[in-house]
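These notes concern the structure reproduced below.
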Protein chains: 2
Amino acid sequence: MTHNRLNYIEILHAHGYRVTPQRLAVLDALCAAGGHTTSAEVLARARALDARIDRSTVYRSLDVLVKSGLALTAPGDNAGETRYEIVQESPHHHLRCSRCGTEHELSAASAGAFFRQVEREYGYRLTGDHLVLEGVCPECQKHTAGH
Amino acid sequence: MTHNRLNYIEILHAHGYRVTPQRLAVLDALCAAGGHTTSAEVLARARALDARIDRSTVYRSLDVLVKSGLALTAPGDNAGETRYEIVQESPHHHLRCSRCGTEHELSAASAGAFFRQVEREYGYRLTGDHLVLEGVCPECQKHTAGH
DNA sequence: TCTCTTGCTGCAACGAGTCGCAGGTGGGTG
DNA sequence: CACCCACCTGCGACTCGTTGCAGCAAGAGA
């Protein structure tokens, strides 16, 4: 387990949320998974920790974690699927390979210049701080060089 | 109606798809909506044109249009919702305001430099050609300047 | 125009995610 | 430590999107 539970408890309290065994189970499940995880996997892991936990509770808990800033959401492979990720120290985005499914981190610095330019040009203040770019990774490009 | 139906029919044939009343209804629904539309709205508009059309047929038709290159998909507001858009002449991305829901087009040129930099830096070949950035539009920033 | 084949449609059933409700529980107060 | 209330949980029902299947129709060929 890489997270400091006390810290999370304080954060939940600070946002006016109660700390319940179910929420801790979801939190542990999310941490244990590491990186991007589907809600289905979170559900399975949470059930392993507490067999009686309900689907709807897991979804609501994930929502609470996101609202508290403890977790991030990102669109999944099959449009219509949400993935979750425990927050980390350094903000970052993701590159996902559409062939092999591998994910690579993309430093926020790389996107920063682009974001600032868009904000300047269009007057928007960008809040979507978790971008997922789709593409083909270097490895897969090698394997299908013929195409 | 802004689309040239004959053109669409040829494109569907060229991709080996049949042209059916249901598919034309979905196509008309998508064109009538203009811009990004939720699948729920496409379904409603298609039903207005053909009351007997089935949900599954609408989803399958949208899939056919996307595979034919006649429509584009983009992630929706609530992660886990797909939005559809009829293709246009000039490729572009979108800025969406998380407060009022308004959408603005973002020229592909703006993102081009960022995409090329990421490709150079990480070796990826980016294929996700339809980006949606979340933020707060200038209007909404004015109205909530106090916050 | 008629026939025939293949792909399309509507239906029904299913899984994922959401919501309203009644009862349970966290945690603040005395 | 006990009480109490607001929030949370589990349950059940619902919606949205997907899939398998049997029958139908687009459109190619004669």
Side-chain angles (χ1 to χ4, degrees), chain A residues 5-6 8-30 37-47 49-68 70-71 73-84, chain B residues 5-6 8-30 37-47 49-68 70-71 73-84:
Chain A
R5 265 205 180 174
L6 287 174
Y8 287 117
I9 290 178
E10 284 168 15
I11 292 176
L12 284 174
H13 277 166
H15 282 81
Y17 292 117
R18 291 189 183 166
V19 176
T20 66
Q22 292 88 344
R23 285 179 182 172
L24 291 178
V26 170
L27 187 58
D28 281 356
L30 200 55
T37 321
T38 63
S39 40
E41 191 177 341
V42 172
L43 176 59
R45 285 177 186 271
R47 279 257 168 82
L49 296 171
D50 173 2
R52 303 176 49 84
I53 198 168
D54 193 69
R55 259 184 318 151
S56 58
T57 300
V58 170
Y59 291 119
R60 284 187 281 223
S61 297
L62 284 170
D63 199 45
V64 164
L65 294 180
V66 170
K67 285 201 172 68
S68 306
L70 291 172
T73 60
D77 318 312
N78 324 316
E81 181 194 48
T82 307
R83 306 183 107 205
Y84 292 88
Chain B
R5 264 204 181 176
L6 286 175
Y8 288 117
I9 291 177
E10 283 169 15
I11 292 176
L12 284 174
H13 278 164
H15 283 82
Y17 293 118
R18 289 186 186 170
V19 176
T20 66
Q22 292 87 344
R23 285 179 183 172
L24 291 178
V26 170
L27 187 56
D28 282 355
L30 200 55
T37 322
T38 63
S39 40
E41 190 176 342
V42 173
L43 175 59
R45 284 179 186 270
R47 279 259 168 81
L49 297 170
D50 174 1
R52 303 177 48 83
I53 198 168
D54 192 71
R55 260 184 314 151
S56 59
T57 301
V58 171
Y59 291 120
R60 284 187 281 225
S61 296
L62 284 169
D63 200 45
V64 164
L65 294 179
V66 170
K67 284 200 173 67
S68 305
L70 291 171
T73 60
D77 317 313
N78 324 317
E81 182 194 49
T82 306
R83 308 185 104 203
Y84 292 87

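What you see below is based on every heavy atom in this structure, not just the backbone, and it leaves out hydrogens, waters and symmetry mates. We name chains A, B, ... by the order of the sequence lines, and we start the count at 1 in each one.
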Integer-rounded Å distance: C:dG10 C1' and B:D50 CG: 11 Å
Phosphate contact (C:dG10 OP1 or OP2) by B:T57 side-chain N/O below 4.0 Å: yes
Gap between atoms NE2 and P, on A:H15 and D:dC7 respectively (whole Å): 16 Å
Atom pair distance, as rounded to whole Å: CG in A:L12 and P in C:dG27: 10 Å
Options C:dA12, C:dG26, C:dT6, nucleotide nearest the side-chain atoms of B:S56: C:dA12
Phosphate-side-chain proximity, B:Q22 and C:dG10, N/O vs OP1/OP2 below 4.0 Å: yes
Sugar-phosphate only, base, or nothing, as touched by A:R52 at under 4.0 Å among non-hydrogen atoms: sugar-phosphate
Distance in angstrom units between A:L43 CG and C:dT18 C1', rounded: 14 Å
Pairwise distance OG(B:S39) to CZ(B:R55) - rounded to 0.5 angstrom: 11.0 Å
Minimum-distance nucleotide (side-chain atoms of A:P21 versus C:dG26, D:dG10, D:dA25): C:dG26
B:T73 side chain reached by B:L62 side chain, heavy atoms, under 4.5 Å: no
Distance-only donor-acceptor test, B:R18 side-chain atoms vs C:dC8 base atoms, 3.5 Å: no
A:R47 CZ to C:dA16 P, straight-line distance once rounded to whole Å: 11 Å
Phosphate-side-chain proximity, A:S39 and C:dG17, N/O vs OP1/OP2 below 4.0 Å: yes
Distance below 4.0 Å between A:T20 side-chain N/O and C:dT25 OP1 or OP2: no
Closest-nucleotide ordering on DNA chain C, the 5'-leading residue of B:S61 and B:R55: B:S61
Spacing of B:L62 atom CG relative to C:dT9 atom P, expressed in whole Å: 12 Å
Spacing of A:L30 atom CG and A:E41 atom CD [to the nearest 0.5 Å]: 10.0 Å
Separation of C:dC8 P from B:I53 CD1 (nearest whole Å): 14 Å
Under 4.0 angstrom between B:H13 side-chain N/O and D:dG27 OP1 or OP2: yes
5' precedence on DNA chain D between B:V19 and A:D54 (nearest-nucleotide basis): A:D54
Interatomic distance, A:L49 CG vs D:dT9 P [rounded to whole Å]: 15 Å
CG-CG distance between B:L24 and B:L49, expressed to the nearest 0.5 angstrom: 10.5 Å
Sugar-phosphate only, base, or nothing, as touched by B:R23 at under 4.0 Å among non-hydrogen atoms: sugar-phosphate
Touch class at under 4.0 angstrom, heavy-atom based, for A:R60 against every strand present: base
